Amino acid sequence: MRQTTAIENSKPLPAVSEHHVDPHSYPDGIAFLDGQYLPMSQAKISVLDWGFLHSDATYDTVHVWDGRFFRLDLHLDRFFGGLEKLRMTIPFDRDGVAEILHDCVALSGHRAAYVEMLCTRGASPTFSRDPRQAINRFMAFAVPFGSVANAEQLRRGLRVAISDKVRIPPASIDPAIKNYHWLDLVRGLYDAYDRGAETALVLDFNGNVAEGPGFNVFCVKDGQLSTPAIGVLPGITRRTVFDLCAEAGLATTAADVRVAALREADEVFITSTAGGIMPVTEIDGAAIAGGKVGPVTSRLMALYWQKHDDPAWSSAVNYR
Ligand code: PLP
């Protein structure tokens with residue numbers, strides 16, 4: 001009897017459909033991709049891009065508050081540093097990238113925005129496994145400002161769980177290259193949700209506190225601030241806390257932060273471009289600072305937002 005093949009038995013090929021995306025299922029914003037400005041719903045990349053297939057990408061996020069970028073130069077420094085370490089090239093210099101970011105925000109019309117610049121390894125026309133064959137792809141976008149902590153959490157402080165997941169060690173990935181290796185952080189988040197907390201902290205390879213999904217962490221003990229030194233992204237908001245503390249005469253160090261030290265802290269807060277300085281008032285179900293936002297945290301939060309219209313720390317978006 002003649003063997004039939006799967007192909008012969010198969011149904012006719014389906015038609016290739018035009019893919020229409022509901023623009024309302026994306027945040028309102030503007031992206032720059034492959035030389036064009038597009039609504040977020042139209043900004044798409046190939047499934048063959050190494051950024052997607054291998055998480056081979058670097059990025060940076062800066063925010064706009066009240067029509068002004070906050071510390072854009074520092075974000076550009078970190079982004080271009082990451083590109084160099086990953087041996088990626090883009091057809092724009094710093095001024096060119098800055099101009100694209102200004103344009104994304106101006107076209108979006110947002111006065112408060114979350115603005116991302118990113119570069120993926122891209123794809124090779126021959127699907128080569130050699131990253132040198134890939135054509136690097138630069139993108140940027142501006143969407144409405146978003147925060148790790150919502151308004152209620154900012155007022156009463158976040159409930160955080162310490163997960164036993166370990167952040168990818170610096171010997172594997174230099175954390176100064178801001179990256180999308182987030183499986184440890186996402187697994188930490190699920191640990192937190194399972195325990196009734198709102199977000200997570202994960203550990204470094206020595207079992208000390210590292211960072212969380214999109215933020216660094218600080219603790220305050222007897223007026224002295226400390227934040228993990230190793231295995232964490234050198235956050236711009238973390239750096240800003242150091243700068244604010246220098247101005248305010250507060251002592252701050254980057255050093256190992258033991259889990260026990262965090263639990264025993266007088267105050268704990270987290271830092272991110274997505275939200276700034278955000279209080280933590282509960283760790284693994286136990287109250288920190290009697291469950292209230294502490295005085296050092298409150299003072300730094302106020303100073304942080306005051307700097308947003310200071311020309312030494314911020315620059316006006318060119319809305320034209
Ligand atoms: N740590 C991680 C893993 C992050 O992704 C981020 C920001 O996205 C931060 C820390 C905070 O960095 P920054 O203050 O520069 O936003």
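Note that the structure is predicted; figures quoted are calculated from it, not measured. Indexing begins at 1, ligand by ligand and atom by atom, following the structure's order.
- Under the 6.0 Å cut-off for aromatic ring centres, His102 and Phe69 qualify, their centroids lying closer than that.
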key: Test log, rule side chain to side chain donor-acceptor pair (under 3.5 Å), inputs Asn216 and Thr227   = CA-CA 8 Å; Asn216 295 112; Thr227 188; 5.6 Å; no
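- The closest approach between Thr271 and ligand 1 falls below 4.0 Å for a heavy atom of the residue.
- Within the 4.0 Å heavy-atom shell around ligand 1 one finds Tyr59.
- At the shortest separation from atom 8 (O) of ligand 1 among protein heavy atoms lies Lys178 NZ, 2.5 Å.
- Interface of Glu211 with ligand 1, defined as ligand atoms under 4.0 Å from a residue heavy atom, comprises 1 (N), 2 (C), 3 (C), 10 (C).
- Using 4.0 Å as the threshold, Arg78 has a heavy atom nearer than that to some atom of ligand 1.
- With a 4.0 Å cut-off on non-hydrogen atoms, Trp182 touches ligand 1 through its side chain and not its backbone.
- Among protein heavy atoms, the minimum distance from atom 14 (O) of ligand 1 is reached at Thr237 OG1, 2.6 Å.
- Only the side chain of Arg167 comes within 4.0 Å of ligand 1, judged by heavy-atom distances.
- For Arg195, the CZ atom is densely surrounded, since the number of other residues' heavy atoms within 6.0 Å is greater than 12.
- Atom CD of Glu84 has 12 or fewer neighbouring heavy atoms from other residues, nucleotides or ligands inside a 6.0 Å radius.
- For atom 16 (O) of ligand 1, the candidate residues are Thr240, Leu233, Thr273; the nearest heavy-atom contact is made by Thr273.
- Residue-ligand proximity, Ile236 to ligand 1, at heavy-atom distances under 4.0 Å covers atoms 13 (P), 14 (O), 15 (O).
- A ring-centre distance under 6.0 Å is not found for Tyr26 and Phe141.
- Using a 30° and 60° split on the angle between ring planes, Tyr59 and Tyr180 fall in the parallel class, below 30°.
- Those atoms of ligand 1 with a heavy atom of Gly235 less than 4.0 angstrom away are 12 (O), 13 (P), 14 (O), 15 (O).
- By the neighbour-count criterion of 12 heavy atoms within 6.0 Å, atom NZ of Lys292 is sparsely surrounded, having that number or fewer from other residues, nucleotides or ligands.
- Looking only at protein heavy atoms, the nearest one to atom 4 (C) of ligand 1 is Gly214 CA, 3.4 Å.
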Run the side-chain donor-acceptor check on residues 143-153: report pairs under 3.5 Å with partners two or more places apart or on a different chain.
from, atom 1, to, atom 2, distance (Å)
Ser147, OG, Ala149, N, 3.2
Ser147, OG, Ala149, O, 2.6
Asn150, OD1, Glu152, N, 3.1
Asn150, OD1, Gln153, N, 2.8
Glu152, OE2, Arg156, NE, 3.0
Glu152, OE2, Arg156, NH2, 3.3
Gln153, OE1, Asn150, N, 2.8
Gln153, NE2, Glu198, OE1, 3.4
Gln153, NE2, Glu198, OE2, 3.4

